[in-house]
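By convention here, the first residue in the shown sequence is residue 1. What you see below is based on every heavy atom in this structure, not just the backbone, and it leaves out hydrogens, waters and symmetry mates. Numbering of ligands and ligand atoms starts at 1, following listing order.
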Amino acid sequence: MKNQIEQLKHAKNAVILAHYYAPAEVQEVADYVGDSFYLAKVAKQSSADIIVFCGVGFMGESAKILNPNKKVLMPDPYADCPMAHMVADGIIEEMRSRYNDLAVVCYINSTAELKCKSDVCVTSSNAVKIVRALPNKNIFFIPDKNLGSFVAKQVPEKNIILNDGCCPIHARVTAAQILEQRSLHPEALVLTHPECEAEVLALSDYIGSTADIISYANESTADEFIICTEEGVDFKLITDNPHKRFYYPNPHPCCADMKLNTLEALLSVLEKEDKEITVDEKTREGALLPLERMLELAK
Ligand code: 13P
Ligand code: SF4
């Protein structure tokens, strides 16, 4: 299958992008593997005719918004991030009516419709930098309350209003699970994604995006790490650091949607070009503005 994927990719001038949470064998055949921010930048700069995005819905959608003239395919269009929808109807409008200077800051893990109603997008790797750079005092941070509260602690000069959404995978990690891993591996450093709950962040030695966690582990002189994010990052961590040890909360955090990106599904979509991502032009134009503002402010 890997050989067939290689051949089809070259024949069709396609590029394969995969998130660190995609299955290991898919990360192996991908041209670019990274966190959400890196993949959005790669999608924007790509000269391929076809982008195959092995991730979840909002990632494929963002690639299409940034590249209206390219064919964007996903191995499984049902791979969706549940958090992307977790904003109640009417709440953005209500917040805008309450605060004159409100900036709606939208985590990229969101639907295109929510992006349309927002002032700027962020990812977990640039949220602090972008919120700090905004002129607005009042910020409505959607949809993730955990990333929002992490940002609020780093940027105390802003009034950050949280929304009641979260990643079910990261929110399931508990402080007790971290303490259990720590008692088993007392030398290990705890590296955590900011989508985890505050009680887990409080036990962590480092908090960052998937790419930041991997860079931290690569550069650290420590040999053991407790990784509080989705287990897909393990492939890159052990590839880069074969002599280091990586442990996970028990049960391992696993995003079933990301795992829909199988090698079989990737081969099939490259062959048939049938699972194309489409975004209507009005929505695309509306969602493009906050995405481009993010790319600008994060520079
Ligand atoms: P990153 O920004 O680290 O890629 O995280 C994306 C994500 O979906 C985390 O659950
Ligand atoms: Fe969404 Fe969580 Fe899966 Fe990331 S891990 S794609 S935030 S459900």
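Between Ser124 and ligand 1, a contact under 3.5 Å exists for at least one N or O pair. Considering both main-chain and side-chain atoms, Asn109 comes within under 3.5 Å of ligand 1 through a nitrogen or oxygen pair. The distance criterion of under 3.5 Å between nitrogen or oxygen atoms is met by Thr210 with respect to ligand 1.
The pair Lys64-Glu61 does not meet the salt-bridge criterion, since no charged nitrogen lies less than 4.0 angstrom from a carboxylate oxygen. In summary, Glu94 and Arg98 engage in a salt bridge, as defined by a charged side-chain N under 4.0 Å from a carboxylate O. Between Lys44 and Glu292 a salt bridge is recorded (basic side-chain N to carboxylate O distance below 4.0 Å). Ion pair Glu230/Lys259 flagged as a salt bridge, since at least one NZ, NE, NH1 or NH2 atom sits closer than 4.0 Å to an Asp/Glu carboxylate oxygen. Between Arg284 and Glu281 a salt bridge is recorded (basic side-chain N to carboxylate O distance below 4.0 Å).
By the 4.5 Å heavy-atom criterion applied to side chains, Ile142 and Ile92 are counted as neighbours. At a threshold of 4.5 Å between non-hydrogen side-chain atoms, the residues Tyr248 and Ile226 do not count as touching. By the 4.5 Å heavy-atom criterion applied to side chains, Phe37 and Ile108 are not counted as neighbours. Pro75 has its side chain within reach of Val52: a pair of non-hydrogen atoms, C-beta onward, lies under 4.5 Å apart.
Checking side-chain atoms of Arg182 against main-chain N and O of Leu203 turns up a donor-acceptor pair under 3.5 Å. A donor-acceptor pair is defined here as one N or O able to donate and one able to accept, closer than 3.5 Å; no such pair exists between the side chain of Asp257 and the backbone of Ala79.
Contact analysis puts His19 in contact with ligand 1, with a non-hydrogen atom separation below 4.0 angstrom. Using 4.0 Å as the threshold, Asp257 has no heavy atom nearer than that to any atom of ligand 2. The shell of residues lying under 4.0 angstrom from ligand 1, judged by heavy atoms, includes His170.
Of the protein's non-hydrogen atoms, Glu195 OE1, 2.8 Å is the one closest to atom 10 (O) of ligand 1. When only non-hydrogen protein atoms are considered, atom 8 (S) of ligand 2 lies nearest to Pro82 CD, 3.5 Å.
Residue Ser209 approaches ligand 1 through these ligand atoms, each under 4.0 Å from one of its heavy atoms: 3 (O). Below 4.0 Å from some heavy atom of His193 lie the following atoms of ligand 1, by number and element: 1 (P), 3 (O), 5 (O), 9 (C). Ligand-side atoms of ligand 2 in range of Glu195: 2 (Fe), 7 (S), range being under 4.0 angstrom from any heavy atom. Residue Cys167 has at least one heavy-atom neighbour below 4.0 Å for each of these atoms of ligand 2: 2 (Fe), 5 (S), 7 (S), 8 (S). Within ligand 1, counting atoms from 1 as listed, the ones closer than 4.0 Å to a heavy atom of Ser36 are 1 (P), 2 (O), 4 (O), 5 (O), 6 (C). Taking every non-hydrogen atom of Asp35 and a distance limit under 4.0 Å, the qualifying atoms of ligand 1 come out as 1 (P), 3 (O), 4 (O).
Looking at every heavy atom in both residues, Gly232 comes nearest to Gln27 through O-NE2, 3.2 Å.
The proximity of Tyr21 to ligand 1, defined as any non-hydrogen pair under 4.0 Å, is limited to the side chain. The proximity of Ile108 to ligand 1, defined as any non-hydrogen pair under 4.0 Å, does not occur for either the backbone or the side chain.
Residue Tyr21 holds the heavy atom nearest to atom 5 (S) of ligand 2 of all those in Tyr107, Tyr21, Phe58. Among Pro168, Cys81, Gly165, the residue whose heavy atom lies nearest to atom 1 (Fe) of ligand 2 is Cys81.
Within the 2.8 Å limit, Cys255 places at least one N, O or S atom next to atom 3 (Fe) of ligand 2.
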